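Beneath this line is the structure, given in structure tokens, with notes to follow.
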Amino acid sequence: VAIASDAFVSRYAGDAVRSRQPLGEHPRPQLQRKRWKSLNGLWERNGTRILVPFPPESLLSGVAAGAARGRTAVYRTSFGVPPEWKVDGGASVALHFGAVDWRCRVAVNGVGVAEHSGGFTPFTADVSAALDRSLERQQLEVWVYDPSEEGGQPLGKQRETSRGIWYTAVSGIWQSVWLELRPPTFVSAVSFATVDLRAGRVRVDVEMRAPGAPATAGASSHGAQATC
């Protein structure tokens with residue numbers, strides 16, 4: 001992708017555009033696993049190239065076009081799965097999205113793996129069953145719908161026409177996308193529940209997930225917790 005020659009940007013913007021994998025660091029360093037890979041980079045959006053994870057309204061995306069109000073955008077890319085990523089014994093391959101604005105559906109090799117609403121919240125899909133190991137590249141598609149200010153969903157100060165205190169609306173994928181291999185039992189969340197500076201103690205709640213256990217989000221009595 002290319003940035004317009006008259007655009008006012010920093011040298012860091014140029015570095016991001018020249019990179020084949022912008023923002024390639026792990027988005028959640030506290031939960032980084034050894035086997036993971038970033039899916040940031042050049043994707044296809046509605047038949048044109050776009051640099052993910054930058055939204056199409058931004059210069060860094062290479063699109064810099066206003067959101068198609070009331071219409072669905074389709075993102076497509078492909079990815080390889082390392083042969084050593086085995087999913088037997090309860091392990092799983094997880095696909096993470098940092099944020100997609102606003103409503104989306106995700107499919108891998110034509111198999112639906114996730115639906116999500118909410119432009120500011122991350123979500124994860126277990127794509128193990130959708131992978132086709134006979135293929136060198138797995139096909140990933142993301143359908144996005146964002147009605148901007150006409151939809152009634154939370155959108156902060158985003159407006160399709162920026163003016164005054166309102167800023168340019170954002171649509172589609174705007175946070176990192178990545179894959180990881182998760183073991184059968186894994187840490188899904190970490191939170192600092194109590195900090196007692198006088199006593200020099202910190203209580204950390206660690207949520208675990210295991211085969212057959214209820215799916216939970218955040219610190220919950222349904223998940224296994226350890227207090228350190």
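Bear in mind the structure is a predicted one, so any value in this text is a computation, not a measurement.
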Given side chains that start at C-beta, do those of Leu51 and Leu42 come closer than 4.5 Å, heavy atoms only? yes
So does Asp132 get a backbone contact from the side chain of Gln138, meaning a donor-acceptor N/O pair under 3.5 Å? yes
Atom CD of Gln30: over 12 foreign heavy atoms under 6.0 Å: no
Does the Ser128 side chain pair with the main chain of Val93, one donor and one acceptor, at a distance under 3.5 Å? yes
With the side chain counted from C-beta on, respond yes when Pro82 and Arg35 share a heavy-atom pair under 4.5 Å apart, and no when they do not. no
Measuring from atom CH2 of Trp43 to atom OG1 of Thr77, what distance do you get when rounded to the nearest 0.5 angstrom? 5.5 Å
Under 3.5 Å: donor-acceptor pair, side chain of Glu57, backbone of Ser171: yes
At their closest point, which heavy atom of Ala91 faces which heavy atom of Lys86, and how far apart are they? CB-O, 3.5 Å
Rounded to the nearest 0.5 Å, how far does OH of Tyr75 lie from SG of Cys104? 10.5 Å
Is any side-chain heavy atom of Trp174 less than 4.5 Å from a side-chain heavy atom of Phe97? no
Within the side chain of Asp126, is there an N or O that forms a donor-acceptor pair under 3.5 Å with the backbone of Ala94? no
4.5 Å side-chain heavy-atom contact, Val81 and Arg133: yes
Residues His116, Val142; criterion side chain to side chain contact (heavy atoms under 4.5 Å, CB included); working and verdict: CA-CA 11 Å; His116 181 77; Val142 183; over 6 Å; no
same_hphob_cluster(Leu135, Val113) at 4.5 Å side-chain heavy-atom cutoff: no
Tell me if a side-chain donor or acceptor on Asn109 pairs with a main-chain N or O of Val111 at a distance below 3.5 Å. no
Could you walk me through whether Arg105 and Glu115 pass the salt bridge (Lys or Arg N to Asp or Glu O under 4.0 Å) test, one step at a time? CA-CA 4 Å; Arg105 293 186 294 114; Glu115 294 187 8; 5.1 Å; no
Is Leu131 reachable from Val177 through a run of I, L, V, M, F, W or Y residues, each pair having side-chain heavy atoms under 4.5 Å apart? yes
Would you name the heavy atoms of Val170 and Asp146 that are closest together and state the gap between them? O-OD2, 3.1 Å
Tightest non-hydrogen contact, residues Ala125 and Ala114, listed as CB-CB, 3.8 Å
Closest approach of Trp36 to Pro27 (non-hydrogen atoms, all atoms of both residues): CZ3-CD, 4.5 Å
Approximate separation, where rounding is to 0.5 Å, of Ile50 CD1 and Arg76 CZ: 13.5 Å
Could you pull out the closest heavy-atom pair between Leu23 and Pro53, with the gap in Å? CD1-CG, 3.7 Å
Is there a chain of hydrophobic side chains (I, L, V, M, F, W, Y, each step under 4.5 Å between heavy atoms) that links Val74 to Val106? no
Leu95 side, atom CG; Phe79 side, atom CZ - distance, nearest 0.5 Å: 6.5 Å
Tested for side-chain hydrogen bond (donor to acceptor under 3.5 Å, both in side chains) against Ser78, the lone hit among Arg137, Glu136, Glu44 is Arg137
Is Met208 reachable from Phe186 through a run of I, L, V, M, F, W or Y residues, each pair having side-chain heavy atoms under 4.5 Å apart? no
Inter-residue atom distance Leu179.CG - Leu39.CG, 0.5 Å rounding: 4.5 Å
Asn40 side-chain N/O to Pro22 backbone N/O, donor-acceptor pair under 3.5 Å: yes
Would a 4.5 Å heavy-atom cut-off, applied to side chains only, mark Pro183 and Arg33 as touching? yes
If I take atom NE2 from residue His96 and atom CD from residue Glu180, how far apart are they, to the nearest 0.5 angstrom? 3.5 Å
Partner residues of Arg28 under the side chain to side chain donor-acceptor pair (under 3.5 Å) criterion, sequence neighbours left out: none
Same apolar cluster (I L V M F W Y, side chains within < 4.5 Å links), Leu140/Trp143: no
Before accepting this row, confirm whether a basic side-chain N of the pair Asp205/Arg203 lies closer than 4.0 Å to the acidic partner's carboxylate O. yes
Mind running side chain to side chain contact (heavy atoms under 4.5 Å, CB included) on Val100 and Phe123 for me, showing each step along the way? CA-CA 9 Å; Val100 180; Phe123 64 97; 4.0 Å; yes
